[in-house]
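Reviewing the structure listed below.
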Amino acid sequence: FYGRMARYLEELAYGQGYQLLIGSFDEEYQKFDQLIDRFIGMNMEGFIIVPAYNSTKIIKQIEKLRIPYIFIDRYLREKDANFIVSDNKAAAMSLVQALITQGAGRIAVITYSSDSTAHADRINGFQQALKQNGLPFKEEYIYRFNEDFGQESMLKTIKQIHKQKVDGIFFTNNSLGVAGLKVLSRQDCKIPEAIKVACFDYSDAFQLFHGGIWCAEQDLSSICSASITSLIKMINDEQVNIKQYVPVRLISPKSLPAE
């Protein structure tokens, strides 16, 4: 996902006469701070930032230096800043509603333990879909993974889900989804007959399940284009006030590409 995002941003920036320098922080806020510090020292004209949790202090430093920036993919709730993100809550609601419409009534969520607004909004969408359908929300149906989770952790989780007699699973991103589906496949679990599955983001691996997976595809092209356009305006001292939630395309099992 982030690799595709970087390519989009790089091509768009180059087309506008700008060079894009990219850094990653592996969800470690100390590394994030060091990265931003290093870029500040290189006299960057602006920042497109996927913010780390607990990164308010370094963002204030950017503001103090009057360097334009915009958040992308996620934002910080405590900062009144420009951002362009997917409409994670609405998309999650639609995915979970699809599971419920198929007959699922006990739905588990497999997500990350990070505090990113993207995953939090997806959990909120899950809860809202349950509420709208009169289904109870149970905290024990939410399973949280570290970013560096192993397949053994996923195996234990899927075993526990079977014990709970869950009939639907919502994965909040495709890395988790692919890992979970590998376990379900090895257990010869029939999808969607035995368990219904929905996943935020698309993966080519879903084609192997013969159209049994609901998924959602983020509009990276629109997100990246709007972020580059907005940042260049700010660099040129134009007033920008944007808090944009970009719609996500829902992909039904029947519309998945053939294997």
Side-chain angles (χ1 to χ4, degrees), residues 1-12 24 27 50 72-74 84-102 104 107-112 114 116-126 128-129 143-145 147 149 151 154 157-158 168-186 189-193 195-227 244-259:
F1 173 79
Y2 289 114
R4 288 171 53 223
M5 177 186 286
R7 285 194 295 274
Y8 271 121
L9 290 171
E10 188 172 35
E11 290 174 4
L12 290 163
S24 60
E27 301 299 334
V50 178
I72 189 173
D73 182 58
R74 63 183 82 159
I84 300 171
V85 300
S86 292
D87 195 341
N88 292 289
K89 182 178 179 180
M93 286 177 64
S94 296
L95 286 169
V96 176
Q97 182 60 56
L99 296 181
I100 294 170
T101 300
Q102 280 186 298
I107 303 171
V109 180
I110 295 181
T111 188
Y112 284 125
S114 72
S116 83
T117 53
H119 286 281
D121 287 347
R122 292 169 198 176
I123 295 296
N124 287 338
F126 162 74
Q128 189 64 32
Y143 293 88
R144 303 181 189 276
F145 284 73
E147 295 280 341
F149 73 94
Q151 198 67 21
M154 184 61 71
T157 295
I158 297 297
I169 304 177
F170 170 46
F171 295 97
T172 62
N173 88 342
N174 55 5
S175 295
L176 292 165
V178 170
L181 287 165
K182 283 181 180 177
V183 173
L184 290 169
S185 179
R186 287 169 186 163
C189 183
K190 303 299 182 184
I191 299 170
E193 293 82 4
I195 197 162
K196 282 76 175 168
V197 174
C199 184
F200 204 102
D201 282 332
Y202 169 76
S203 169
D204 288 339
F206 298 162
Q207 299 174 30
L208 302 175
F209 292 86
H210 307 290
I213 314 297
W214 282 87
C215 53
E217 188 170 46
Q218 300 185 67
D219 187 355
L220 272 181
S221 177
S222 294
I223 292 171
C224 293
S225 178
S227 66
Q244 183 177 351
Y245 295 90
V246 178
V248 176
R249 183 170 73 97
L250 198 68
I251 303 176
S252 71
K254 291 182 180 179
S255 61
L256 280 170
E259 185 181 344

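Computed over heavy atoms, backbone and side chain alike; hydrogens, waters and symmetry mates excluded. What you are looking at is a predicted structure, and each value in this text was computed from that prediction instead of being measured.
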message = Going by ring-ring contact (aromatic ring centres under 6.0 Å, His included), name the residues that satisfy it together with F1, two or more places apart in sequence or in a different chain.
response = none
query = Are the side chains of Q128 and V96 in touch, meaning some heavy atoms are under 4.5 Å apart?
reply = no
task = Would you please name every residue forming a side-chain hydrogen bond (donor to acceptor under 3.5 Å, both in side chains) with R122, sequence neighbours left out?
result = N88
query = Is any side-chain heavy atom of C199 less than 4.5 Å from a side-chain heavy atom of F206?
reply = yes
task = Would you give the length of the straight line joining atom CE of M93 to atom CD1 of I100, rounded to the nearest 0.5 angstrom?
result = 9.5 Å
ask   = Can you pull the salt bridge (charged side-chain N to carboxylate O under 4.0 Å, His left out) pairs that have at least one residue in residues 200-209, sequence neighbours excluded?
value = none
query = Closest approach of I195 and C189, non-hydrogen atoms and distance?
reply = CG2-SG, 3.5 Å
Closest heavy-atom pair and its distance - G168, A104 = CA-CB, 4.2 Å
query = How long is the span from the OG1 atom in T172 to the CD1 atom in I123, to the nearest 0.5 Å?
reply = 6.0 Å
query = Heavy atoms, side chains only, cut-off 4.5 Å: are M154 and F145 in contact?
reply = yes
inquiry  = Please report the interatomic distance NZ(K89) to CG(N124), rounded to the nearest 0.5 Å.
reply    = 6.0 Å
Compile the donor-acceptor pairs under 3.5 Å between side chains in residues 219-227 and protein atoms, sequence neighbours left out, one pair per line.
| from | atom 1 | to | atom 2 | distance (Å) |
| --- | --- | --- | --- | --- |
| D219 | OD1 | S222 | N | 3.2 |
| D219 | OD1 | S222 | OG | 3.3 |
| D219 | OD2 | S222 | OG | 2.6 |
| S227 | OG | I223 | O | 3.3 |
| S227 | OG | C224 | O | 2.8 |

ask   = Is any side-chain heavy atom of L181 less than 4.5 Å from a side-chain heavy atom of I213?
value = yes
ask   = Below 4.5 Å, heavy atoms only, C-beta onward: do T157 and V183 meet side chain to side chain?
value = no
message = What's the separation between atom CG in L9 and atom OH in Y2, rounded to the nearest 0.5 Å?
response = 12.0 Å
task = For side-chain contact (heavy atoms from CB on, under 4.5 Å), just list the numbers for W214 and Q102, CA-CA rounded to whole Å, side-chain angles, deciding distance to a tenth of an Å, and then say yes or no.
result = CA-CA 11 Å; W214 282 87; Q102 280 186 298; 3.5 Å; yes
request  = Quick one: closest heavy-atom pair of V178 and A205, and the distance?
outcome  = CG2-CB, 4.1 Å
key: Least distance between heavy atoms, A118 atom then R74 atom   = N-CB, 4.3 Å
Any T117 side-chain heavy atom under 4.5 Å of V85 side chain = no
ask   = Considering residues at least two apart in sequence or located in another chain, which fulfil the side-chain hydrogen bond (donor to acceptor under 3.5 Å, both in side chains) criterion with Q97?
value = T101, N133
ask   = So, for G125 and A92, which heavy atoms are closest and what is the spacing to 0.1 Å?
value = CA-CB, 4.1 Å
query = Between L176 and F149, is any pair of side-chain heavy atoms under 4.5 Å apart?
reply = yes
query = Measuring from K196:NZ to I169:CD1, what's the distance to the nearest 0.5 Å?
reply = 12.0 Å
Residue of the set F126, F200, F171 for which side-chain contact (heavy atoms from CB on, under 4.5 Å) holds with L95 = F200
task = Applying salt bridge (charged side-chain N to carboxylate O under 4.0 Å, His left out), name anything that partners R7, two or more places apart in sequence or on another chain.
result = none
Rounded distance (nearest 0.5 Å) linking atom OG of S86 with atom CZ of R249 = 13.0 Å
Heavy-atom check, side chain of M5 versus side chain of Q218, under 4.5 Å = no
